[in-house]
Amino acid sequence: MKLGLVVDLDTCVGCHGCATACKQWNTSGTIGPLSDKDPYGRDPNGAWLNRIRTYEVGDTPNSKTVNMPMSCMHCDNAACVTVCPTGASYKREEDGIVLVDQDKCMGCNLCSWACPYGARELDPHQGTMKKCTLCVDRIYDERLPKGERQPACVLTCPTKSRVFGDFDDPDSEVSRLARERGGKQLMPELGYNPVNTYLPPRNKKQQAAYETSGRSVKDTVKQWVNKVIAR
Amino acid sequence: MTSQASLPVTTGLPEFENRSNQQTKYTTCYMCACRCGIKVTVEDNQVRFIQGNPNHPINKGVLCAKGNSGIMKQLSPAKLSKPLLRKPGTERGAGEFEEISWAQALDMLEQRLARIRATDPNKLAYFTGRDQMQALTGMWASQFGTLNWAAHGGFCSVNMAAGGLYTMGHAFWEFGDPDWDNTKYFMMWGVAEDHSSNPIKLGLKKLKERGAKFVAVNPVRTGYQAIADEWVAIRPGTDAIFALSMVQVLLKHRLVDEEFLIRYTNAPQLVVNTPGQKGDGLFFRGQSGQPQVWDLVKQQFVDANLPDISPALFGEFEMPDGTPVRTAMSIMLDKYMDPQYAPENAAKECGVAAEDIERIALEMAQVAFKESITLDIEWTDWAGRKQDKFIGRPVSMHAMRGISAHSNGFQTCRAIHLLQVMLGTIDCPGGHLAKPPFPKHVPPGIKPAKVSAPNTPLKSPPLGFPTCPEDLVIDADGNPLRIDKAYSWDAPISCHGLMHMVISNAVKGDPYKIDTLMLFMANMAWNSSMNTAQTIEMLCAKEADGEYKIPFIVCSDAFNSEMVAYSDLVLPDTTYLERYDTISMLDRPISEPHAACDSVRIPVIAPDRDVLSWQEVMVELAGRLGFPAFTDQAGERRYTDYKDFIVNFEKEPGIGFLAGYRGKDGDKSLRGEPNPRQWEAYEENEGFFEHHLAPNQRYMRHANRDYLELAKEAGWVGSTDQILIELYSEKLQTFRLAGQGLYDGPMPTEEHHKERLVKYFDPLPFYYMPLEEQRIDRDKYPFHAVNQRPMFMYHSWDSQNAWLRQIMSQNYLFMNRVAAEKQGIEDLSWVWVESHNGKIRVQVKLMEGSNEQTVWTWNAIAKRGGAWGLADDANEATDGFLMNHLISELLPQKGDKVDRVTNSDPVTGQAAWYDLRVSISPAAPGETGTWPSFGALKPQPNAKSSPQMLSYSSHENVNLVRPMSDILTRGEK
Amino acid sequence: MHPAFSVLVFTVLSGAGYGLISLLVLAHLAGIPQLQDTAVLLAGGLLAFLLITGGLLSSTLHLANPKNAWRAFSRFRTSWLSREAVFAVLFYPFLLLYLFGIYRQGAELGALFKLAGILAATLALVTLFCTSMIYASLKTIRQWNSALTPLNYLALGLMSGALLLAAVQAVAQGGLAAVLQQLALGLVLLGAVAKLIYLFWIGKPAGSTIHTATGFTQASVRLLDQGHTANSFLNDEFGYRVEAERLMKLRYLMVGLAFVLPFMLLLSGQAWLAPAASVLAIAGLLTERWLFFAEARHVVRLFHGEQHT
Ligand SMILES: Nc1nc2c(c(=O)[nH]1)N[C@H]1C(S)=C(S)[C@@H](COP(=O)(O)OP(=O)(O)OC[C@H]3O[C@@H](n4cnc5c(=O)[nH]c(N)nc54)[C@H](O)[C@@H]3O)O[C@H]1N2
Ligand SMILES: Nc1nc2c(c(=O)[nH]1)N[C@H]1C(S)=C(S)[C@@H](COP(=O)(O)OP(=O)(O)OC[C@H]3O[C@@H](n4cnc5c(=O)[nH]c(N)nc54)[C@H](O)[C@@H]3O)O[C@H]1N2
Ligand code: SF4
Ligand code: SF4
Ligand code: SF4
Ligand code: SF4
Ligand code: SF4
Ligand SMILES: [Mo]
């Protein structure tokens with residue numbers, strides 16, 4: 001299995017719902033807490049596993065706005081794992097999820113240096129590395145109702161721009177979406193082979209306009225003949 | 001949703017967390033007014049997880065960024081914990097309080113209020129902010145007997161409510177929704193986030209999946225506009241000319257839904273055409289008193305409300321006495337074919353290219369008329385005639401504050417409705433759908449109360465819908481009777497009051513002085529006032545004798561907001577997770593187009609402080625003050641508490657605050673006797689109630705008998721008569737006639753009032769330049785300045801939220817890059833922004849997706865140091881800024897009588913926040929940080945200090961352990 | 001990249017220590033006359049020991065959760081940092097044995113001690129190489145991801161080692177040995193050349209851009225919002241930015257301190273200037289290491305709006 005997310009850039013409105021859902025679930029989840037430094041002071045700075053960035057593509061007046069949520073891509077070639085000296089970072093063989101064993105991490109930051117996607121953040125209080133767990137503690141928890149065995153960010157996304165599934169299964173929704181919508185990897189040239197896939201914005205919908213053939217009552221009101229229409 | 005719904009549990013995973021002492025409870029989110037259903041997992045009186053309730057009609061399982069941060073709201077160090085009294089001898093605003101008991105607080109308030117009520121109830125001004133319990137607070141005020149009550153609608157979006165309710169009986173805002181499931185062309189006007197936060201997002205996703213076209217009309221392209229198929233970067237305040245120019249395009253190609261106009265609107269009704277004479281512009285009424293139409297078959301005038309007549313849509317006729325009349329539609333044709341509204345001319349004003357105006361109008365016509373849809377559902381029309389299908393014209397629209405927060409917003413909103421009506425897209429499949437209890441008759445039949453007397457409830461609610469000058473709340477001399485001057489000549493149809501004028505008027509004693517100002521959930525000392533710095537001064541202003549001009553200020557707040565410091569008595573509220581509450585059908589319920597719904601809040605956390613919900617305070621005070629509706633004949637209290645009140649109070653027989661699970665056994669819906677187990681029933685149904693409309697009741701409800709009968713039974717409408725859409729508003733015309741001196745009834749005496757009535761009370765929607773722009777030098781202030789709601793912050797509430805403020809603790813002034821380069825303004829530099837009312841220093845951020853004549857910022861990010869549990873040097877205080885300082889509550893001063901007039905829509909009194917025009921100039925080198933800055937507020941007595949580090953989790957985290965053997969033996973991956 | 005002081009100190013001091021000890025052993029066993037002196041050998045060895053140990057201790061200051069530092073030995077199979085740790089520790093017994101040998105037997109060592117010396121020297125260089133590979137293996141930082149990184153680390157470690165060796169020898173013996181002088185001069189030249197090649201090589205933009213990062217390759221891409229207004233771990237760690245002008249000044253300072261001045265001081269042949277040369281060189285190398293970090297551009301910056309790395 002190769003578990004991961006599809007993120008739809010065509011519909012993401014950048015609401016940050018997935019970011020706080022993630023923080024909420026995971027602060028009491030297996031990787032938590034996700035501490036916050038100076039939470040009510042100057043320059044609050046905490047550990048997040050999912051962040052939303054917004055870009056503008058093109059120049060005034062021909063530009064568009066794109067919201068891009070980013071969390072761990074659960075890369076196939078996860079250098080964050082190979083560089084880790086303690087073995088705290090690992091990629092699960094059975095499903096490809098990349099995790100950090102909080103009991104073993106020494107907080108050297110090296111894995112975050114190795115990650116091109118900014119997916120790892122050091123906990124300011126615990127000093128251990130935090131990252132997206134793909135909500136391993138939801139997707140496998142049989143005590144949750146079936147429909148809720150989904151990552152917190154996926155469950156909450158109000159535009160359903162996030163889809164979770166198995167990329168090894170060609171019939172899964174994620175595989176289908178990636179195929180049909182021309183899913184892209186970010187920075188493929190680095191060779192990390194990220195699993196998370198981004199669906200590019202669709203082409204803008206073109207709507208036909210009414211063919212008017214010059215019918216116009218511009219000149220006089222009188223030309224508009226009353227039709228007999230029963231009320 | 002995914003193909004691998006059930007993953008095999010892999011060995012080696014531990015039991016993730018101990019669920020044995022976790023409980024799941026259902027309630028309603030209140031991180032904003034969208035009111036999503038939430039499922040809260042609690043352990044040890046701590047929140048483990050808040051998730052969307054998948055069964056809930058509003059959010060269907062999803063939550064926004066705020067809703068997901070409820071834990072941090074509950075954890076806020078700014079929560080108030082005990083009633084506070086300003087220390088005797090200290091100044092208001094100094095923030096010196098002493099804690100008192102609830103008994104003391106309530107006694108004190110009771111005495112004061114009893115005295116006011118027994119003498120002049122209007123000396124109590126009771127105003128509420130972004131609350132959702134106006135049914136209760138409004139009822140409380142009318143039982144008290146004060147005219148001076150309103151909620152936030154007047155500074156929020158009354159233009160949308162009034163624009164819709166005076167046109168078609170429902171509206172944008174929370175009164176209707178696009179038919180997300182069927183619409184093929186969706187146009188969004190001036191919306192950043194809105195109340196319908198999650199439903200809009202769910203809806204937009206549906207549109208995009210179906211390949212419907214989404215057009216966004218907005219000077220700024222962020223959020224929703226980012227995913228639109230077409231962005232129309234309009235110049236602020238000019239939407240009416242854009243909409244009406246599209247109306248012209250439709251008219252000139254005769255692309256209007258004539259059947260819809262004839263059957264469902266007053267377009268064919270005959271209007272007297274005698275300019276300069278009494279009666280001009282009013283309907284030609286027959287003996288029955290009914291407006292007349294010309295029947296094309298009978299060739300005679302007939303009552304317009306009859307079925308099976310064939311009204312002429314166009315034409316000029318003569319009344320039997322020779323008076324000329326013409327159809328409303330003929331007037332419209334005349335008016336909108338005027339060259340002013342030709343695309344070439346409109347383009348110059350609104351900045352949308354003429355070709356685009358023409359094309360968008362024709363695209364909509366194509367969808368409405370060539371791509372219409374039919375639902376083969378039999379229904380019965382208002383006249384009892386069977387119809388075999390619903391015809392849908394799948395063009396829909398939604399509009400909000402980009403329209404309403406301008407002083408021409410009422411007419412602009414009506415212009416958009418006109419466009420919708422021309423296309424026949426009202427309450428039809430794919431169009432704009434009403435949400436029960438809407439639609440109502442035009443306008444709803446409640447008149448504002450005018451008379452207040454000691455110890456006597458008002459005869460009608462303080463707020464209502466005037467239909468003619470007689471309904472104004474003014475005295476014989478034409479002076480306002482309300483403290484906010486609502487329903488006066490300044491703003492005759494101000495159906496939601498003018499909360500933004502209360503402090504300013506009360507301090508000036510114009511129209512009179514008050515004794516006590518009671519605020520619930522309104523941060524008037526900061527982000528919800530125009531002219532904040534001056535408002536703060538006004539709150540502290542004293543008479544010559546040293547008494548405060550507003551002698552006593554009471555505020556109910558759950559948090560240490562800026563307003564707390566300027567109050568004399570502070571009553572600490574519960575949080576939304578700690579209280580009982582109703583989202584009532586008597587108010588603005590959570591209905592969906594096809595279901596009447598309401599919901600409740602049920603505590604999921606026990607408060608750890610000495611707090612009382614405002615709901616309880618209201619019921620308690622009502623009992624103590626002996627309000628008739630709250631006491632029995634013997635004067636004994638009728639309700640023990642809020643829960644009891646909700647269950648047993650009946651507005652009329654069988655109708656109460658909650659519409660669900662009524663009747664002794666809880667088996668009646670909408671109407672039925674009280675059910676003693678009603679709360680439990682809601683609890684069992686996950687906190688909400690849904691009454692699904694039958695398929696034949698779902699569309700064309702303004703003319704759908706089966707629906708109207710249900711609506712009457714439920715008390716939503718007063719009669720089953722057809723709800724006629726009023727494109728031409730005779731009601732507005734009565735005011736115009738008053739302005740012209742041609743009315744048999746109250747008329748204004750002041751010249752500027754006359755002018756305003758004549759100019760702005762046009763019975764047909766039209767475009768005019770916003771008032772501030774009319775009174776300033778446009779070259780001196782070349783930019784429009786507007787605000788947007790951030791999706792992850794609710795007004796001032798969320799800066800106390802440790803997670804949300806990390807997303808944004810500073811706002812910037814966003815400016816188009818090209819425009820900035822022309823002015824020599826650099827990205828991230830500090831600039832001075834100046835308006836007619838003052839100046840501020842702010843930091844600029846350049847962007848592409850902004851209209852070149854517009855600058856904007858996120859609303860309400862700035863905070864005062866010390867408030868909200870924030871450090872004195874929090875970014876919100878040092879680098880964040882409020883645009884409010886630049887906005888005056890009065891029109892730009894010119895030394896004329898208009899100087900005293902509110903900066904609001906002249907029809908509805910809606911605060912004109914977005915009329916603001918500014919100039920921008922670079923700050924001197926070294927000038928950084930926002931200006932003005934305000935001293936930090938003091939912490940409350942016994943306030944918990946805000947932690948330097950927060951590591952929240954509801955239980956000890958269960959780590960997933962990697963076995964040592966794996967560490968030592970695994971190779972590359 | 002944010003230059004963490006502890007890491008600068010660690011890499012510079014331990015690099016110098018490893019360079020010193022490997023050159024010392026080499027010179028000693030190669031029979032260079034001035035190094036057949038117990039005092040010189042012991043002093044040099046001890047200095048190397050102190051530098052390396054001090055450096056290693058300093059490196060643990062950089063750990064946010066040092067109680068797990070011992071676990072760093074676990075992933076020798078894939079992690080250069082783990083390898084560095086393992087070799088760094090393996091090095092000690094041989095160093096100590098070698099020094100013990102000298103202490104007991106003087107410059108004339110038995111085979112076992114000689115072997116220990118050779119192994120210590122080798123492990124020193126291997127450790128230094130591992131350190132360099134921690135950086136060189138990161139594809140995320142193009143300025144580091146090349147063979148020039150190990151070349152630089154080795155060259156500069158040896159260079160500072162050679163300067164220190166010369167200083168120790170000169171101080172202990174009251175005069176600078178020509179062979180050490182030439183060795184040091186040669187290595188300073190090598191170091192300077194290696195560094196200049198490096199600086200030249202990182203000068204041209206290459207690799208990932210904001211276009212490949214975001215997937216929008218057809219038009220300009222600008223960051224509008226990074227998703228938070230105050231700081232974040234990513235900005236603190238990777239967002240370090242210095243103005244180009246200041247960087248240029250520091251580069252000149254670095255070249256002057258690390259290469260030009262030591263070279264000139266040493267060229268003078270004055271014994272008493274040799275320690276000064278090595279102190280200046282260490283200061284220069286601290287600047288060099290600071291620049292090594294400060295000039296490195298992590299690709300994650302592209303997501304925060306930088307156009308290229
Ligand atoms: N997250 C969140 N949700 C909220 C709130 C909140 O604070 N936070 N507040 C709630 C409240 S009280 C309200 S009233 C609603 C308001 O909800 P919205 O109507 O979404 O209000 P604003 O954010 O003011 O957005 C106004 C939009 O109109 C645009 N605009 C400004 N002037 C014009 C114009 O002349 N023409 C057009 N076409 N567009 C214009 C602005 O760029 C902006 O995008 O949101 C509610 N929902
Ligand atoms: N410049 C500018 N100003 C604006 C706007 C704008 O677009 N631009 N928008 C305007 C609009 S549309 C609106 S509606 C207003 C919003 O105006 P308000 O409703 O006044 O604004 P809020 O910031 O929501 O403040 C409400 C108060 O309610 C308190 N509160 C929160 N939860 C609770 C609770 O559970 N119980 C009690 N008792 N109190 C609680 C908060 O602490 C806060 O003090 O702002 C207006 N101001
Ligand atoms: S995104 Fe980063 S942290 Fe996640 S697997 Fe890839 S390299 Fe590792
Ligand atoms: S920070 Fe922790 S997880 Fe990352 S490399 Fe270091 S030890 Fe491994
Ligand atoms: S999958 Fe879970 S951990 Fe990962 S981003 Fe989503 S919510 Fe966060
Ligand atoms: S929740 Fe969905 S729409 Fe919101 S930012 Fe995340 S992905 Fe985008
Ligand atoms: S939109 Fe968000 S904050 Fe508002 S009620 Fe829904 S979940 Fe709560
Ligand atoms: Mo509002």
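Given the structure is predicted, the values throughout are model-derived calculations rather than measurements. Letters A, B, ... mirror the listed sequences (proteins, then strands); counts begin at 1.
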- Message: Please identify which of these residues, B/Glu363, B/Met364, B/Arg359, B/Glu230, meets the side-chain contact (heavy atoms from CB on, under 4.5 Å) condition with A/Gln207.
- Response: B/Glu363
- Task: Sort out for me which of B/Gly211, B/Pro307, B/Ser197 touches chain A most, counting heavy-atom pairs under 4.5 Å.
- Result: B/Gly211
- Using the side chain to side chain contact (heavy atoms under 4.5 Å, CB included) rule, take B/Arg19 and A/Asp141 through it: C-alpha gap first, then chi angles, then the decisive distance, then the call. CA-CA 11 Å; B/Arg19 294 252 157 68; A/Asp141 192 340; 2.6 Å; yes
- Between CH2 on residue A/Trp48 and CH2 on residue B/Trp803, distance to nearest 0.5 Å: 8.0 Å
- Query: Hey, are B/Gln806 and A/Asp36 close enough side-chain-wise for a donor-acceptor pair under 3.5 Å?
  - Reply: yes
- Item | Donor + acceptor pair across side chains of A/Gln102, B/Asn959 (<3.5 Å) | no
- Given A/Lys227 and B/Leu313, is the side chain to side chain contact (heavy atoms under 4.5 Å, CB included) satisfied, shown in steps? CA-CA 8 Å; A/Lys227 288 188 203 134; B/Leu313 195 50; over 6 Å; no
- Contacting region of B/Gln800 [heavy-atom separation from chain A under 4.5 Å]: backbone
- Counting heavy-atom pairs under 4.5 angstrom with chain A, the leader among B/Pro790, B/Pro268, B/Gly203, B/Pro947 is B/Pro947
- Starting at CH2 of B/Trp231, measure out to OG1 of A/Thr65 and round the result to the nearest 0.5 Å. 7.5 Å
- Item | B/Leu202, part contacting chain A, at a heavy-atom distance under 4.5 Å | both
- Heaviest contributor of heavy-atom pairs below 4.5 Å to chain A, chosen from B/Val297, B/Leu204, B/Asn816, is B/Asn816
- Task: Drop me the distance from B/Ser76's OG to A/Tyr40's OH, to the nearest 0.5 angstrom.
- Result: 6.0 Å
- Query: Between A/Asp59 and B/Arg817, does a side chain to side chain contact (heavy atoms under 4.5 Å, CB included) hold up when you go through it step by step?
  - Reply: CA-CA 9 Å; A/Asp59 303 333; B/Arg817 183 179 52 83; 3.8 Å; yes
- Are the side chains of B/Gln51 and A/Glu148 in touch, meaning some heavy atoms are under 4.5 Å apart? yes
- Side-chain donor or acceptor of A/Glu56 paired with backbone N/O of B/Gly849 under 3.5 Å: yes
- Are the side chain of A/Asp101 and the backbone of B/Arg962 linked by a donor-acceptor contact shorter than 3.5 Å? yes
- Side-chain touch B/Leu306/A/Arg231, heavy atoms, less than 4.5 angstrom: no
- Best-contacting candidate, B/Leu968, B/Ile967, B/Leu804, against chain A by heavy atom pairs under 4.5 angstrom: B/Ile967
- Item | Backbone N/O of A/Arg42 and side chain of B/Asn875: donor-acceptor pair under 3.5 Å | no
- Item | B/His955 NE2: over 12 foreign heavy atoms closer than 6.0 Å | yes
- First locate atom CD1 of B/Ile227, then atom CG of A/Leu9, and finally report the distance between them rounded to the nearest 0.5 Å. 11.5 Å
- Evaluate the criterion side chain to side chain contact (heavy atoms under 4.5 Å, CB included) for residue pair A/His16 and B/Asn68; output intermediate values, then yes/no. CA-CA 10 Å; A/His16 290 257; B/Asn68 272 304; over 6 Å; no
- Query: Any idea which of B/Glu259, B/Lys213, B/Met329, B/Arg805 has the most non-hydrogen atom pairs under 4.5 angstrom with chain A?
  - Reply: B/Arg805
- Task: Count the heavy atoms of every other residue, nucleotide or ligand shown that sit under 6.0 Å from NZ of B/Lys39, and state whether that count exceeds 12.
- Result: yes
- Heavy-atom distance under 4.5 Å to chain A: side chain of B/Ala212, backbone, both or neither? backbone
- Message: Could you check whether any side-chain heavy atom of B/Ile807 comes within less than 4.5 Å of a side-chain heavy atom of A/Thr20, counting everything from C-beta outward?
- Response: yes
- Query: In terms of heavy-atom proximity below 4.5 Å to chain A, should B/Ala304 be classed as side chain, backbone, both, or neither?
  - Reply: backbone
- How about A/Lys204: does its NZ atom have over 12 heavy atoms from other parts shown lying under 6.0 Å from it? yes
- Task: Measure distances from B/Ser954 to the heavy atoms of chain A and classify the residue's part below 4.5 Å as side chain, backbone, both or neither.
- Result: both
- Note on the structure: Applying a strict 4.5 Å limit to non-hydrogen atoms, the region of B/Glu371 in contact with chain A is side chain
- Message: Between A/Arg51 and chain B, with a heavy-atom cut-off of 4.5 Å, which part of the residue counts as in contact: side chain, backbone, both or neither?
- Response: neither
- Note on the structure: Whatever's closer than 4.5 Å to a heavy atom in chain A on B/Leu950 counts as both
- Looking at B/Glu258, B/Glu17, B/Met791, B/Lys370, which one has more heavy-atom pairs under 4.5 Å with chain A than the rest? B/Glu258
- Note on the structure: Turns out that what part of B/Ile50 lies under 4.5 Å from chain A's heavy atoms comes down to both
- Checking B/Ala361 against chain A: side chain, backbone, both or neither under 4.5 Å from a heavy atom? neither
- Note on the structure: When rounded to the nearest 0.5 Å, the distance separating OG of B/Ser946 from CG of A/Asp38 is 11.0 Å
- Against chain A, label B/Asp295 side chain, backbone, both or neither, depending on which of its atoms sit under 4.5 Å from a heavy atom there. neither
- Answer key: most heavy-atom pairs under 4.5 Å with chain B among A/His125, A/Glu211, A/Arg138, A/Lys104 is A/His125
- Item | Pairwise distance CG(B/Leu207) to OG1(A/Thr159) - rounded to 0.5 angstrom | 12.0 Å
- Return yes if some donor-acceptor pair links the side-chain N/O of B/Arg254 with the main-chain N/O of A/Trp224 below 3.5 Å, else return no. no
- Query: So do A/Lys160 and B/Val62 actually touch side chain to side chain, heavy atoms under 4.5 Å?
  - Reply: yes
- Item | Heavy-atom contact with chain B under 4.5 Å, split by part of A/Thr86 | backbone
- Under 3.5 Å: donor-acceptor pair, side chain of B/Arg221, backbone of A/Ser63: yes
- Task: Could you check if a side-chain atom of B/Lys205 sits within less than 4.5 angstrom of a side-chain atom of A/Asp8, using non-hydrogen atoms only?
- Result: yes
- Task: Report the relative orientation of the aromatic rings in A/Tyr210 and B/Phe369; use parallel for angles under 30°, tilted for 30 to 60°, perpendicular for over 60°.
- Result: perpendicular
- Using non-hydrogen atoms and a 4.5 Å limit, figure out which bit of B/Leu296 sits close to chain A: side chain, backbone, both or neither. side chain
